[in-house]
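Just so it is clear, the structure is predicted and the values come from calculations on it, not from any experiment. Every number for a ligand or one of its atoms is a count from 1 in the order of the listing.
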Amino acid sequence: MSAQRILVTGGAGYIGSHTAKLLNSGGIEPVAYDNLSTGNRSSVRWGPFIHGDILDTAHLTRTITQYEPDAVIHFAASAYVGESVADPSKYYRNNVGGTLSLLDACRQAGLDKVIFSSSCATYGVPAALPIAETTPQVPINPYGKTKLIAEHMLADYAAAFGLRYVALRYFNACGADPDGELGEWHDPETHLIPRALLAASGGISRLEVFGDDYKTDDGTCVRDYIHVCDLARAHVLAFDHLAKGGENLAVNLGTGHGSSIKEILEAINRITGRSVPIEIHPRRAGDPPALYADPSLARTTLGFSPEFSDLDTIVRTAAPFFGLEARS
Ligand SMILES: NC(=O)c1ccc[n+]([C@@H]2O[C@H](COP(=O)([O-])OP(=O)(O)OC[C@H]3O[C@@H](n4cnc5c(N)ncnc54)[C@H](O)[C@@H]3O)[C@@H](O)[C@H]2O)c1
Ligand SMILES: O=c1ccn([C@@H]2O[C@H](COP(=O)(O)OP(=O)(O)O[C@H]3O[C@H](CO)[C@H](O)[C@H](O)[C@H]3O)[C@@H](O)[C@H]2O)c(=O)[nH]1
């Protein structure tokens, strides 16, 4: 059998680069295809880099024809909830138009396996917790809507053209490569944990905490934080699943456990010895109070369970990128 290879759209980004590293360590060559709009060229180190846009169907088709990958993992997208409310055009173009372009390139070039980055944002404000895959998907912002439309596109292409897919609905990605080779590098950074670490290290004066009057145990929002290395491994398992002829799937990737913002700040203090200066701000528009997964379907279908997703490991791996030492 020839060596295995996977096209990784968004391979210069945060989750894409961690996944590329893991693929490479398992003997699968990742071919990163990225326009570097939010990704970093320096994060592509484990396979070829193609500078291209997913909206360019002809370029994608040529790339697939040239490299003959066994599957594509489709990370490339715009991924800021707030920005999607302010500029829905960008999100429908890049996330819906871009996914359509990719699926058509796959069809033209005869590539039939797609692993897709979906999101718990497709559920909106869930009626009940934990969130199972059967929970109605009623997104409350354009970002979540574009991810849901892409899931519908996958199902329709599967029915009409025999496409095979796994849609992975990530909860909150966080943490960094334990070897220190990759981290979460966004500019501007909007995610909670990197911003809290920036505040702890003096990179910003304080963390703005968006709301402390939610109906949660301590008043702050609760999220299901999953380590990026666990997410990366789930993609490898999803590829194995499709390669073995497994059925099409849409599964949650979370831990099943929710952590509040205050618990995150306590973990940072425990691991780094630094306290995070904070300022309480009003609630951020569109933030559900609590989101956490029922992770059982990913376990039974893909054999996936998180290994790195306890708060201490998350902070311990992320802290060095902000010049903070983790206490042993
Ligand atoms: N980070 C999270 O917590 C989270 C949660 C749920 C889902 N997701 C999804 O996971 C995927 C990866 O997220 P991330 O956090 O690594 O984001 P990221 O911004 O670090 O990575 C996205 C990558 O896609 C590239 N890209 C964007 N538009 C492109 C285009 N038109 N053509 C080619 N490349 C393009 C960017 O340059 C970047 O390298 C996204 O689809 C995102 O929606 C992320
Ligand atoms: O400076 C900050 C940043 C965030 N938060 C709060 O921390 C929590 C987590 O916020 P993030 O921005 O880190 O993450 P989100 O839950 O908003 O978004 C993440 O999960 C979404 C699904 O709900 C999408 O998939 C999205 O791509 C992904 O970043 C929220 O309550 C937010 O209000 C703050 O208080 N201050």
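Taking the six-membered ring for Trp and thresholds of 30 and 60 degrees, His191 and Tyr80 have ring planes inclined between 30 and 60 degrees apart.
The distance from ligand 2 to the heavy atoms of Ser119 drops below 4.0 Å at these ligand atoms: 22 (C), 24 (C), 25 (O). Within ligand 2, the atoms closer than 4.0 Å to a non-hydrogen atom of Thr190 are 3 (C), 12 (O), numbered from 1 in the order shown.
No heavy atom of Phe171 sits closer than 4.0 Å to any atom of ligand 2. By the 4.0 Å heavy-atom criterion, Gly52 is counted among the residues contacting ligand 1. In this structure, Arg169 has no heavy atom closer than 4.0 Å to ligand 1. Under a 4.0 angstrom heavy-atom cut-off, Leu36 registers as being in contact with ligand 1. Put simply, no part of Tyr214 is less than 4.0 Å from ligand 2, judged by heavy atoms.
Inclusion of His74 in the set of residues having an N or O under 3.5 Å from an N or O of ligand 1 is not warranted. Ligand 1 has no nitrogen or oxygen under 3.5 angstrom from a nitrogen or oxygen of Ala76.
In this structure, of Trp185, Tyr14, Tyr170, Tyr225, the residue bringing a heavy atom nearest to atom 10 (O) of ligand 1 is Tyr170. One option in Ile264, Ile140, Asn141, Leu192 has a heavy atom closer to atom 11 (P) of ligand 2 than any other, and that option is Leu192. Remark: among candidates Asn35, Thr38, Leu253, Thr122, the nearest residue to atom 38 (C) of ligand 1 is Thr38, based on non-hydrogen atoms.
The hydrophobic cluster containing Leu36, built from Ile/Leu/Val/Met/Phe/Trp/Tyr side-chain heavy atoms closer than 4.5 Å, also comprises Val44, Phe49.
A salt bridge is defined here as a Lys NZ or Arg NE, NH1 or NH2 lying under 4.0 Å from an Asp or Glu carboxylate O, and Arg195 with Glu189 fails to meet this definition.
Summary of contacts: the protein heavy atom closest to atom 11 (C) of ligand 1 is Phe75 O, 3.3 Å.
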